[in-house]
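In what follows, a structure is listed as structure tokens, so that the remarks can point back to it.
Owing to the predicted nature of the structure, the values given are computational and were not obtained by experimental measurement.
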Amino acid sequence: MSLIVQKYGGTSVGSVERIQTVAQRVSKAVKAGNSVVVVVSAMGKTTDGLVKLAHEISRTPNRREMDMLLSTGEQVTIALLSMALQEIGQPAISMTGAQVGIVTEAHHTRARILHIETQRLERHLQEGKVVVVAGFQGISSTEALEITTLGRGGSDTSAVALAAALRADFCEIYTDVPGILTTDPRLVPEAQLMDEITCDEMLELASLGAKVLHPRAVEIARNYSMPLVVRSSWSDQPGTWVTSKKQQERSLVNLEIARPVDAIEFDANQTKIALLRVPDKPGVAARLFGEIAHQKVDVDLIIQSIHDGNSNDIAFTVMTPILKKAEAVAAAIAPVLRSNPTKLDEAEVLVEQNIAKVSIAGAGMIGRPGVAAKMFATLAEAGVNIQMISTSEVKVSCVVDETDCEKAVSSLVKAFDITTSPLPPSSISPSSSPVRGVALDMNQARLAIRNVPDKPGMAAKLFGLLAEHNVSVDMIIQSQRCHIIDGAPRRDIAFTVARLDAESTQLLLQEAALEYGWGEVVLDSAIAKVSVVGAGMVGQPGVAAKMFEALAQNKINIQMIATSEIKISCVVEQEQGIKALQVIHEAFGLAGSEKFVVPA
Ligand code: ASP
Ligand code: MG
């Protein structure tokens, strides 16, 4: 006999018939001898409808009232599902977030769960009832009883948090797709179903997976080692298991806010190779990294920031022992680039041996704008200059001078209160398929600040300011190219934000630029970010080359590149986003033989 938390999404409970079908499935699980807690979303597109109503009345609806409004959607479903269960003879009771005692932060419309009181719920379970809990909602405290919501898509998070708090055996997420696919089937019908995926990979795929599974739910599953399965509510197919390694026991207090960073990693043995002033056109990155892959050189970080005039700088790091080969390759390719008819200034290869890579890693940084800022501020305080920055969903990596490595690591360990020892690079054995999934994010805009002084504290100031204004930053790239202005070195810093935040962020930064003497603040809203993710790409040369080659063959220009160990992201022009996704998915042989039919 197991304790199972089942969660049903909006489409799965979209009509009376569907609610009745769900009741059948729940009752089957109980008859098989399990205790079942069910978490439900609002019916169909109810939440969207409520949001629309609010916006008909106010352009900026009060957040508290928004929570009051949106939380009603789930309340309808819990009552109806409980009735449906009772109709088929299964004792059941519905409970709102407040009735259970799902206590959250007081941040309306985006609250994080602090803890869950389980006594009332457990009492009902012991009486043999199915408890049907409203997803997506909580209360700010058991005295204030202010209704909060967790942010759109938050029912998954409710379900996994409940599973963790109840120490359930596993959590099932029922949805309208058969599980997690290698990419978005609406864009690539040949997308394939995965049997399993790790939480780490899933988190890096957030922009793909978020539609299927709320990233915060994955974060909780990972932190509490809660087995999670995503399955179709229309069939009995096994679905996709989202797995995690056994973690240390964690307290269930401050469930979602405990620790945004759970590891500091470093590699003091890296070499940076920068190609300066290469033409900004399709195929350049592909050629370069194709050559490097030929030599079986495994590149680690790759960073390309926004173009400057009609040229780009592309920088990458390799582990020092294989430097000789990579340098040779870079040197070999430079003349090819130079012979470009557009008559660029000299392309140039720059090799810097004495650098180190220092990273913070942790699922908790998703949606928390202050985390990267804190890293930069910590490094600034320690007097460490950041040469390059590259970020992914769950990691921020900085390239620093090798002599600063120890100082950087020890100050970060202190700042983020890390108890485990900092990790040197791990050697994961390469698996057969280096890439698990491909994601496309069309809802971001790119901002860049030109000519930010290259000295400690600048990135801290910039991202600290954004954090203060609650702007979540996704990809951060600090480029290689350095301009000397009035005798002082300056660099561009580019990053992406949600398109909704783009214009207000630009205004905010324009003000800051005046104050701090930064250059122009450039906004481009017409971008798309396409990423490949897979734990198997570690130690496997050629993955980046293959991705860039697929883009080059389709004449898609890469505007920016950022990487983590298990992810490579490229920013391309928005119009080419879908094409980019399709050709990359194809290039990695992820396409299946059957076409996936997306349910209406
Ligand atoms: N009903 C909420 C939404 O549509 C929460 C959820 O479905 O997960 O965002
Ligand atoms: Mg959902």
Side-chain angles (χ1 to χ4, degrees), residues 6-23 25-26 38-84 94 96-97 108-111 132-138 147-160 172-181 184-187 206-217 230-235 367 440-443 498-500 596-600:
Q6 297 188 334
K7 181 258 171 181
Y8 294 89
T11 17
S12 306
V13 292
S15 67
V16 165
E17 293 72 39
R18 287 180 178 179
I19 289 177
Q20 286 165 329
T21 312
V22 166
R25 191 186 285 272
V26 173
V38 184
V39 175
V40 287
S41 291
M43 290 172 70
K45 301 241 174 279
T46 303
T47 312
D48 291 336
L50 294 170
V51 170
K52 199 161 155 265
L53 280 178
H55 284 280
E56 280 172 27
I57 288 184
S58 165
R59 265 188 55 195
T60 49
N62 178 285
R63 286 175 179 269
R64 176 187 184 275
E65 303 311 330
M66 211 55 190
D67 279 350
M68 190 63 88
L69 177 68
L70 298 193
S71 61
T72 62
E74 274 69 13
Q75 206 172 319
V76 172
T77 325
I78 53 171
L80 293 177
L81 179 57
S82 298
M83 290 175 198
S94 63
T96 63
H108 284 293
T109 74
R110 55 185 152 86
V132 185
V133 180
F136 175 58
Q137 55 176 265
I147 295 178
T148 53
T149 64
L150 309 183
R152 295 304 305 273
S155 299
D156 297 338
T157 297
S158 308
V160 182
E172 298 181 310
I173 307 281
Y174 284 95
T175 178
D176 52 358
V177 291
I180 296 156
L181 302 169
D184 186 341
R186 284 166 307 180
L187 305 175
S207 53
L208 162 66
K211 281 169 224 130
V212 189
L213 198 52
H214 206 227
R216 279 164 54 191
V230 180
R231 311 177 55 182
S232 161
S233 51
W234 324 129
S235 77
L440 176 68
D441 188 339
M442 301 275 263
N443 293 316
R499 190 166 307 132
L500 275 176
F596 188 85
V597 185
V598 182

How long is the gap from CE on M68 to OG1 on T148, to the nearest 0.5 Å?
11.0 Å
Which heavy atom in T77 sits nearest to a heavy atom in A42, and how many Å separate them?
OG1-CA, 3.6 Å
Between E172 and R231 (salt bridge meaning N to carboxylate O under 4.0 Å), is one present in this structure?
yes
Which atom of G73 lies closest to which atom of T46, heavy atoms considered
CA-CG2, 4.1 Å
Salt-bridge contact R152-D48 (side-chain N to carboxylate O under 4.0 Å)
yes
Verify whether one side chain among T157 and H214 offers a donor that lies under 3.5 Å from an acceptor in the other.
yes
Any idea which heavy atoms bring V76 and M43 closest together, and the distance?
CG1-SD, 4.1 Å
Give the C-alpha distance, both sets of side-chain angles, the deciding distance and a yes or no for side chain to side chain contact (heavy atoms under 4.5 Å, CB included) between R110 and R63.
CA-CA 9 Å; R110 55 185 152 86; R63 286 175 179 269; 3.6 Å; yes
Report yes or no: does S58 contribute a side-chain atom to a donor-acceptor pair with the main-chain N or O of H55 at less than 3.5 Å?
no
The reported gap from CG in L50 to OG1 in T72 (rounded to nearest 0.5 angstrom) is 4.5 Å
Among S41, S158, S233, find the residue that satisfies the side chain to side chain contact (heavy atoms under 4.5 Å, CB included) test when tested with K7.
S41
Test side chain to side chain contact (heavy atoms under 4.5 Å, CB included) on I19 and V22 and set out the steps.
CA-CA 5 Å; I19 289 177; V22 166; 5.6 Å; no
What are the two closest heavy atoms between Q137 and G97, and how far apart are they?
OE1-N, 3.1 Å
To the nearest 0.5 Å, atom CE of M83 lies from atom CD1 of I78 at 10.0 Å
Determine, step by step, whether R216 and D156 satisfy the side chain to side chain contact (heavy atoms under 4.5 Å, CB included) criterion, reporting the C-alpha distance in whole Å, the side-chain angles of both residues, the deciding distance to 0.1 Å, and the verdict.
CA-CA 8 Å; R216 279 164 54 191; D156 297 338; over 6 Å; no
Reported CZ-to-OG1 distance for the pair F136 and T149, which is rounded to 0.5 angstrom
4.0 Å
Kindly compute the distance separating OG1 (T96) from CD (E74), expressed to the nearest 0.5 Å.
11.5 Å
Tightest non-hydrogen contact, residues P178 and S232, listed as CA-CB, 3.7 Å
To the nearest 0.5 Å, atom CZ of R18 lies from atom CG of L80 at 15.0 Å
Checking D67 side chain against T109 main chain: does a donor-acceptor pair fall under 3.5 Å?
yes
Only one of T21, V39, V26 clears side chain to side chain contact (heavy atoms under 4.5 Å, CB included) with Y8; which?
V26
Evaluate side chain to side chain contact (heavy atoms under 4.5 Å, CB included) for V38 paired with L81, printing each intermediate quantity in order.
CA-CA 9 Å; V38 184; L81 179 57; 3.8 Å; yes
